[in-house]
Amino acid sequence: MPELPEVETVRRGLAPVLEGQRLERVELRRADLRFPFPEGFVQRLTGATVVEVGRRAKYLRIFLDRGDALICHLGMSGRFEIDHARPGAFHQRVGEEAKHEHVVFTTSAGTRIAYFDPRRFGYMGLIPLNTLEDHPWFAGLGPEPLADGFDGKVLQAALAGKRQNIKVTLLDQRLVAGIGNIYACEALFAARVAPQRPAGDLTAKECDRLARAVKTVLAEAIEAGGSTLRDFAAADGALGYFQHRFKVYDREGQPCSGGCEATIRRIVQGGRSTFYCPACQR
DNA sequence: CGATGCCCCTGAGAGC
DNA sequence: TGCTCTCAGGGGCATC
């Protein structure tokens, strides 16, 4: 579910209720999500104070005053809920709440922050700060697409020699970090690049357009509070609304908005749906 | 190196 | 109403 804009939206929701607060209570409802929780998870977190809530790629990184960072990956269906969130914003059915509530944090201010994850593809870890960037989750990550260092030149260098199609290549977190299926489709449309193109064949001009498109699409999605397809919500319960601005994603058969006569097509690449306009994207 | 398929898990929606 | 099938924002692995 959550790609960079959704994770950033969650980060912005959590920061004000977590930063400067002590974790008074930490409750674990099960021993694992995608991976087992680390040894001594509850003990290592209880009593720690949150210094900062950060993000790298699709990971939340909650820095603690004890020399550890709490890392959270939301997988496909992970979300946080703060107790003062709008009632009913997260759960359509009574009883669903307790079933998928896996971790509950209570801060020194009395705020209750719960982590839900029906599919349990998400995971959490506790990593010492001095080894954070060397940890396997972070060591191989490509640049943050919204950082100044990411541009057409960097992108072209990363794509050089690759015969894999550009759509699947954009999802490779080692080349650029944080792009997922929605924003890969949207960025390729905005850059007018066909998803089937071998990545290494993109010209300097196209790499420039694509790098800009990635930045624009991600930035606009963050501004819109992310995309809510099925169940995404910010930590305060607010729904994203960037899905209303999708040009191609999930729009198979609908007319293209790019001024051509074509309709949006869906193909499968790397086992995932790609949506694109066969006329606008070349 | 790359394409493909399968796996983790649960729920929603479509079609019958 | 209920059954079955497909698909879903992520990502790792095995195989050819």
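Proteins get letters first, then strands, A, B, ... in listed order; numbering begins at 1 in each.
The side-chain ring of A/Phe121 is stacked on the base of C/dG10, judged by centre separation under 5.5 angstrom and plane angle under 30 degrees.
Remark: DNA chain C takes part in the stems B:2-8 with C:10-16, B:10-16 with C:2-8, each of 3 or more antiparallel Watson-Crick or G-U pairs, criterion distances under 3.5 Å.
If you take atom P in B/dG5 and the same atom in C/dT6, they sit 14 Å apart, rounded to whole Å. One P atom belongs to B/dC1, the other to C/dG10, and the distance between them is 23 Å to the nearest Å.
Candidate nucleotides C/dC7, C/dG9, C/dG10 were compared by shortest atom distance to the side chain of A/Arg34, and C/dG10 ranks first. Closest contact between the side chain of A/Arg119 and the listed nucleotides C/dA8, B/dG11, C/dG11 involves C/dA8. Side-chain proximity of A/Gln173 to C/dA8, B/dT10, C/dG11: nearest is C/dG11.
Between A/Asn165 and A/Arg272, it is A/Asn165 whose nearest contact on DNA chain B lies nearer the 5' terminus. Along DNA chain B, the nucleotide nearest A/Gly271 and the nucleotide nearest A/Arg163 are compared for position; the residue whose nucleotide lies closer to the 5' end is A/Arg163.
In this structure, the ring of A/Tyr249 has its center no less than 6.0 angstrom from the ring center of A/Tyr183.
The base of B/dC9 has none of its N or O atoms less than 3.5 Å from a complementary donor or acceptor on the side chain of A/Arg120.
For A/Lys58 and C/dG10, the shortest distance from a side-chain N or O to OP1 or OP2 is below 4.0 Å.
Residues passing the ring pair (Phe, Tyr, Trp, His ring centres under 6.0 Å) test with A/His102: none are found, sequence neighbours excluded. Partners of A/Glu52 by salt bridge (charged side-chain N to carboxylate O under 4.0 Å, His left out), not counting sequence neighbours: none found. Partners of A/Asp250 under the salt bridge (charged side-chain N to carboxylate O under 4.0 Å, His left out) rule, at least two apart in sequence or in another chain, do not exist in this structure. Legend: residues meeting salt bridge (charged side-chain N to carboxylate O under 4.0 Å, His left out) with A/Arg34, ordered by chain and number and at least two apart, are absent. Residues forming a salt bridge (charged side-chain N to carboxylate O under 4.0 Å, His left out) with A/Arg44 (at least two apart in sequence, or on another chain): A/Asp68.
Among the protein residues, A/Gln269 comes within range of no part of the nucleic acid, since none of its heavy atoms lies under 4.0 Å from any strand. A/Tyr249 comes within contact range of the sugar-phosphate backbone alone, with a heavy-atom separation under 4.0 Å but no base atom that close.
With respect to A/Glu101 and A/Arg29, a salt bridge is recorded, a charged nitrogen being found less than 4.0 Å from a carboxylate O.
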